Amino acid sequence: MTAAITILALLLVAFVALGVYATVKAVGAAKRGVDRTITQARRTVEDTTLRAKSFGQTGVAGELAQLRLALRTSMRATQDALHAGVAEDSSLAESVGLFRRLSAHGLELDEELKRLEREPDRATVAGLLPQLRERTERITHSADSLRWAARDRARQFAEDDLDALNAQIDIEAGALRHWTVEEQRPAQAQGAAQGPGAGAPRGRDAGVDWPEPAAGSGNSSTADDSWGGPAREEAPQAITAPDPHLRTKYPWQKSARPETTN
């Protein structure tokens, strides 16, 4: 009985501790969400104010507002691009580290520009504008280089993956049409067995198209001899000479005289 009470007490304590931990985490997440919302709202208000000053004011105040707006826009875009890319490509961790170091210089410059906006000595501020403009251009150029390099890297990875996917799809499509390959193989084997001259007509020279003799034009034997047609079948000739006594005699033929020997 005592053991059961102890186990129940431990379970109760565990549940209470788990509830407190979950409550603390939820409160922390809510607080971070509220802080993030407040920060974004403050940032939006500042950007809107800077745009209004850059377009509505002239002189030193307008120039300072334009520098701050260009700096904040470039740094924020680079930060979003790197944080979105490092989740998929761990090799961007070094780029994120470099951007943190660059952000320190950017925040320092933004604070200096913000202080100069409230500076009453406009002549001194006007003398510092070339230097401030150069620093802003250097920081924004570095931020833009990191951002576009990360985007080009992601685009190249996407193109390589698309090329590999297209190759795999072509192989799969060929495998699905396997019957076309089976039909081509017998045709290729038959063409190889017939050879290059298999399609030529029999009894004629390949590559020579002899014309057929016209019907009723001259003697057929002469036509066959001249155009290379098939010779007519004739009775085989005897090898020994024919007997002159068996030949038919005609009245105008003279009889052969007998040969005399001396």
Side-chain angles (χ1 to χ4, degrees), residues 25-164:
K25 294 292 290 183
V27 171
K31 185 176 181 300
R32 286 192 299 270
V34 172
D35 294 340
R36 189 180 304 111
T37 303
I38 293 175
T39 303
Q40 291 178 356
R42 186 184 298 113
R43 184 182 302 165
T44 303
V45 171
E46 289 181 357
D47 293 343
T48 305
T49 304
L50 290 175
R51 287 191 180 91
K53 289 181 179 180
S54 61
F55 289 108
Q57 296 181 0
T58 58
V60 177
E63 185 73 18
L64 292 175
Q66 292 178 3
L67 293 178
R68 286 192 64 194
L69 184 61
L71 178 64
R72 292 165 66 91
T73 302
S74 178
M75 297 297 288
R76 188 178 303 116
T78 304
Q79 181 180 5
D80 295 340
L82 291 179
H83 287 174
V86 74
E88 300 178 357
D89 188 4
S90 59
S91 60
L92 292 178
E94 185 176 358
S95 300
V96 173
L98 293 175
F99 178 74
R100 288 196 183 99
R101 296 172 56 186
L102 183 65
S103 297
H105 294 278
L107 292 174
E108 181 181 357
L109 178 60
D110 185 66
E111 291 294 332
E112 184 176 357
L113 293 173
K114 190 175 182 179
R115 288 194 305 267
L116 292 176
E117 286 180 351
R118 298 187 297 268
E119 179 66 35
D121 190 358
R122 295 300 181 183
T124 305
V125 176
L128 296 175
L129 279 178
Q131 182 182 358
L132 295 173
R133 190 181 300 109
E134 181 183 359
R135 287 177 59 189
T136 304
E137 291 177 356
R138 290 175 60 185
I139 293 175
T140 54
H141 175 72
S142 298
D144 294 343
S145 298
L146 282 176
R147 183 175 67 254
W148 285 110
R151 290 178 178 175
D152 293 342
R153 181 181 178 86
R155 188 184 305 109
Q156 184 63 37
F157 283 167
E159 292 178 357
D160 294 342
D161 184 68
L162 181 59
D163 293 340

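Fair warning: this is a prediction, and the values are worked out from it, not measured in the lab.
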Cut-off 3.5 Å, no hydrogens considered: what does the side-chain donor-acceptor table look like for residues 94-110, sequence neighbours left out?
unit_1	atom_1	unit_2	atom_2	d
S103	OG	F99	O	2.8
D110	OD1	R68	NE	3.1

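Inspection of the D152 and Q156 side chains reveals no N or O donor paired with an N or O acceptor under 3.5 Å. Remark: the D144 side chain and the S74 side chain contain an N/O donor-acceptor pair separated by less than 3.5 Å.
Between I139 and M75, some side-chain heavy-atom pair lies under the 4.5 Å cut-off. No side-chain heavy atom of V60 sits under 4.5 Å from any side-chain heavy atom of L116. Between L128 and Q131, the closest side-chain pair of non-hydrogen atoms falls below 4.5 Å. The closest side-chain heavy-atom distance from R147 to L82 is not below 4.5 Å. No side-chain heavy atom of V125 sits under 4.5 Å from any side-chain heavy atom of E117.
If you take CZ on R122 and CG on L129, they are separated by 10.0 Å, rounding to the nearest 0.5 Å. The distance from atom CG of L113 to atom CD of E63, rounded to the nearest 0.5 Å, is 10.0 Å. Once rounded to the nearest 0.5 Å, the distance linking CG of L64 with CZ of R115 reads 12.0 Å.
When the side chain to side chain contact (heavy atoms under 4.5 Å, CB included) test is applied to D89, the partners found at least two apart in sequence or on another chain are S91, L92, R153, F157.
Shortest non-hydrogen contact noted between T136 and L132 is OG1-O, 2.8 Å. When every heavy atom of P130 is checked against every heavy atom of G127, the shortest pair comes out as CD-O, 3.5 Å.
Counted within 6.0 Å of CZ on R138, heavy atoms from surrounding residues, nucleotides or ligands total 12 or fewer; the atom is thus considered open.
No donor-acceptor pair closer than 3.5 Å links the side chain of T73 to the backbone N or O of A70.
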